[in-house]
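Chain naming here is simple, since letters A, B, ... match the order of the sequence lines and numbering starts at 1 in each. Hydrogens, waters and symmetry mates are skipped; everything else that's a heavy atom, side chains included, is used. Note that the structure is predicted; figures quoted are calculated from it, not measured.
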Amino acid sequence: MEAGQGLNFIQAIIEEDQRTGKHSGRVHTRFPPEPNGYLHIGHAKAISLNFGLAHQYGGKCNLRLDDTNPTTEETEYVESIQEDIRWLGYTWDGLYYASDYFGQLYQFAEELIRQGKAYVDDLKPEEISQWRGDFTTPGRDSPFRNRSVEENLDLFRRMRAGEFPDGARTLRAKIDMRSPNPNLRDPAIYRIRHAHHHRTGDAWCIYPLYDFAHCLSDAIEGITHSICTLEFENRRVLYDWIVDTLVPGAKEGNRPYQYEMARLNLTYTVMSKRKLKELVDTKVVDGWDDPRMLTIRGLRRRGFTAASLRDLTQRVGVTKTQSRHDIGLLEQCVREDLDTNAPRAMAVLRPLKVVLENYPEGQTEELPLANHPKRPELGTRQVPFMRELYIEQDDFMENPPKGFYRLSPGVEVRLRGAYFIRCERVIKDADGRVVELRCTYDPATRGGNATDRKVKGTLHWVPASAPVAEVRLYDRLFAAEDPEADEARAFKEFLNPDSLEVLAGARVEPMLAQAAPESHFQFERLGYFYADPKKGLPGRPVFNRTVTLKDSWVREQGKA
RNA sequence: UGGGGCGUCGUCUAAGGGUAGGACGUCAGACUUUGAAUCUGAUUAUCAAGGUUCGAAUCCUUGCGCCCCAGCCA
């Protein structure tokens, strides 16, 4: 928001900290994804917040791969995460992995045992769960809770040495089994996992859990403001407990603090990594970078720009209020970016043949069209014009309703940048479908100008010689505003069956056949399109529709 | 029915004792060689009830509603 004086609540905290001299005025944030999936638009919010804050306050922001669970994490994901952050336009100060700290974390754990504040528990997972109690019943102390420091140290070292199978024992923090906050009922901080880790290989068979690893990693890196999402709110006391008992100087304020904000939710989509993965695994979509996915890669391949994603994160703000933003806001962000930056072009998605009966056969002329109506410096291009052309099927109606500005029998319209044409006759096939229009053009209106009369409609067009291109029309993946709202039904029941339409027979102006992969265009009167880098071939591009233009005619019809 | 959070236009988000502002959406109009863009204008909100105060979205009390927590996931 450009309110100016309206700081978001994190900025307010930082400015207050700077005023009081907390952290010696330092700002050091971090973006800590777990490398177990691809980044999505929700991460983009966290990324631009953390990197943006560091930039705004002259601080630093680290990228830290939170890789404490060897069974779910893969190198493939750490590479994609880095690529996506760079594409978004951010550069990290330090690149770290939680696994960099396994040695230090282990030492912290031994220290906790020495302080008598952690113990090795032999209870099995189900037993731990039973002994923990529930929201209304306090937990009970584990029978192993009062082992001596020596015994705990010995057992913990043997856990590390690989003497016990997975699940046999855990290291637990000794806090309070009767706490009303279940997170303080002696949370597990180390578990046994005889699993290969993507970076440390087989060096470890015990791995720290999030609550233990995350806060201490923050402390090790000198993070000042550790921003996470709302669901971590009731773990903050645990965060504080661990940091305060283990980090030297923590009590004096020389430590990181956790702040929670609302995650980004958007209408007509799901955001959890688990659900996105399910869409990929069940082939509902064609991979993590399917243009319908709200992953960074998917959005990128759909034709969203990094600037538009950054813009969205600015507009949605930062609050603690659980919210769901209108996906239309994202669409508006990319429209605004592409309206000023995308060159214009003409493409006919569903061609309808037009023959200009009074235009000489065999004649062709090159007509100049502006590449951008508001930016003459972007120049013009030549588009061939001839006796046979294509216009959009939607742009003709034999019996038009009131308010239809386009072509119909006896009506004159302008072909953009070319001539006025009038429809004289309609040719139909045996089934009565309109297959061709016989029209006349007015040579005096070259360039689309006439001094003596006006026309209501201006249509885009391509010459009959125009190359064919595949165009993919994408729409939102789900038909329901909140696909997860109905507890009784799976989110996949709300998929939009029309989220992808492939048009193999679109015709594009010649320039577009040479479009470089990853280039953006506005196809006039239709929307913004992006040359797909994966599907397209040289001279044979595939265009993904990023978003339509706003269309008040569609709205008008909807009212009828 | 334990604990932790959150309630402001349709959707988001500002204002933190002194004119409830902005964005997106919607509606109406102007302009238009994109039914786009642009420009005008309009509509609509402080969860409820009490209290304090000259004055409450803001402070207090009591309700109500929604979200999160009982992984050896993060």
Hey, is the side chain of A:R315 pairing donor to acceptor with the base of B:U13 inside 3.5 Å? no
At under 4.0 Å between heavy atoms, what does A:T267 touch on the DNA or RNA strands: base, sugar-phosphate, or nothing? nothing
What nucleotide among B:C67, B:C69, B:C12 has an atom nearest to a side-chain atom of A:Q322? B:C67
Per nearest nucleotide of RNA chain B, the residue lying toward the 5' end, A:D326 or A:R446, is A:D326
Pairwise P distance for B:U13 and B:G7, with rounding to whole Å: 9 Å
Can we say A:R315 and A:D311 salt-bridge, meaning some charged N sits less than 4.0 Å from an Asp/Glu carboxylate O? yes
Which glycosidic conformation, syn or anti, is assigned to B:G7 if syn requires a torsion within 90° of zero? anti
For A:S552 and A:G167, find the nucleotide of RNA chain B closest to each by heavy atoms; which residue's nucleotide sits nearer the 5' end? A:S552
Mark yes or no for whether A:D100, through its side chain, and A:Y96, through its backbone, hold a donor-acceptor pair below 3.5 Å. no
Spacing of the C1' atoms in B:A23 and B:A14 (rounded, Å): 11 Å
Nearest-angstrom distance, P atom, B:A57 to B:A42: 24 Å
Hey, does the side chain of A:R414 come within less than 4.0 Å of B:U34's phosphate (OP1/OP2), counting only N and O? no
I want to verify a distance call: between B:G5, B:C72, B:A74, whose nearest atom is closest to the A:I128 side chain? B:C72
For atom CD of A:Q258 and atom P of B:G5, their distance in whole Å: 12 Å
Consider the side chain of A:F135, meaning its heavy atoms from C-beta on, and name the nucleotide among B:C69, B:C73, B:U13 that approaches it most closely. B:C69
Complementary nucleotide of B:A30, counting Watson-Crick and G-U pairs under 3.5 Å: B:U38
Presence of A:T319 side-chain N/O under 4.0 Å of B:U13 phosphate oxygens OP1/OP2: yes
Does A:K124 come within less than 4.0 Å of A:E126, counting only side-chain N to carboxylate O? no
Has A:Y210 got its ring stacked on B:C73, by the test of a centre gap below 5.5 Å and a plane angle below 30°? no
From CG of A:L209 across to P of B:C69 the rounded distance in Å is 17 Å
Minimum-distance nucleotide to A:N234 side chain [options: B:A74, B:C72, B:G4]: B:G4
Looking at A:R525, does any N or O in its side chain come under 4.0 Å of the phosphate oxygens OP1/OP2 on B:G35? yes
Side chain of A:W553 only, heavy atoms from C-beta on: which candidate in B:G35, B:A36, B:G3 is closest? B:G35
Nucleotide nearest A:R555 when distance is taken to its side chain, options B:C24, B:A74, B:C27: B:C27
How many Å lie between CD on A:E336 and C1' on B:A36, as a whole number? 13 Å
How far, in whole Å, is B:C68 from B:C73 if one measures between their C1' atoms? 16 Å
B:C73 OP1/OP2 closer than 4.0 Å to side-chain N/O of A:K273: no
Nearest-nucleotide pick for A:R191, side chain only, options being B:G71, B:A36, B:A74: B:A74
Considering only the P atoms, how many Å lie between B:A20 and B:C47, rounded to the nearest integer? 15 Å
SB check A:R324 A:D482 (cutoff 4.0 Å): yes
If pairing means Watson-Crick or G-U wobble with both distances under 3.5 Å, then the partner of B:U53 is none
N/O (side chain, A:R324) to phosphate O (OP1/OP2, B:U13) under 4.0 Å: no
With no hydrogens and no angle check, do the side chains of A:H520 and A:N341 hold a donor and an acceptor under 3.5 Å apart? no
Any strand is fair game: report the nucleotide pairing with B:G2 by Watson-Crick or G-U wobble, both distances under 3.5 Å, or none. B:C69
Only pairs with both distances under 3.5 Å count, Watson-Crick or wobble alike; so what is the partner of B:C64 in this structure? B:G7
Considering only NZ, NE, NH1 and NH2 on the basic side and carboxylate oxygens on the acidic side, decide whether A:D186 and A:R178 come within less than 4.0 Å. no
Determine the Euclidean distance between corresponding P atoms of B:G10 and B:C6; express it in Å to zero decimal places. 23 Å
Please determine which of A:R422, A:R414, A:R453 meets the salt bridge (Lys or Arg N to Asp or Glu O under 4.0 Å) test together with A:D442. A:R453
Within the stacking criterion (centroid distance below 5.5 Å, interplanar angle below 30°), does A:Y405 stack on B:G35? yes
Taking B:C27 as the reference, what is the distance to B:C59 when you measure between their P atoms (whole Å, please)? 38 Å
Ion pair A:R185/A:D176, N-O distance below 4.0 Å: no
Check every atom of B:C72, B:G35, B:G5 against the side chain of A:P125 and return the nucleotide holding the closest atom. B:C72
Calculate the interatomic distance between A:Q130 atom CD and B:G71 atom C1'; express it in whole Å. 14 Å
Say you pick atom C1' in B:G29 and the same atom in B:C66; how far apart are they, in whole Å? 41 Å
Counting only side-chain nitrogens and oxygens, does A:R335 get under 4.0 Å of the OP1 or OP2 atom of B:U38? no
For B:C12, give its Watson-Crick or G-U wobble partner with both distances under 3.5 Å, or none. B:G22
Is any N or O donor-acceptor pair between the side chain of A:R406 and the base of B:G35 shorter than 3.5 Å? yes
Can you tell which of B:A70, B:G3, B:U13 lies closest to the side chain of A:P182? B:A70
Where the side chain of A:D551 is concerned, which of B:A74, B:G35, B:G5 is the nearest nucleotide? B:G35
Is there a side-chain contact between A:R235 and the phosphate of B:C68, meaning an N or O under 4.0 Å from OP1 or OP2? no
Return the value, rounded to whole Å, for the distance between atom CG of A:L549 and atom C1' of B:U38. 13 Å
Residue-phosphate contact under 4.0 Å: A:Q332 side-chain N/O, B:A23 OP1/OP2: no
Quick check on B:U13: is either OP1 or OP2 less than 4.0 Å from any side-chain nitrogen or oxygen of A:S323? yes
Using a strict threshold of under 4.0 Å (side-chain N to carboxylate O), is an ion pair present between A:E73 and A:R199? no
Distance in angstrom units between A:D311 CG and B:U13 P, rounded: 16 Å
Under 4.0 Å between a side-chain N or O of A:S129 and OP1 or OP2 of B:G71? yes
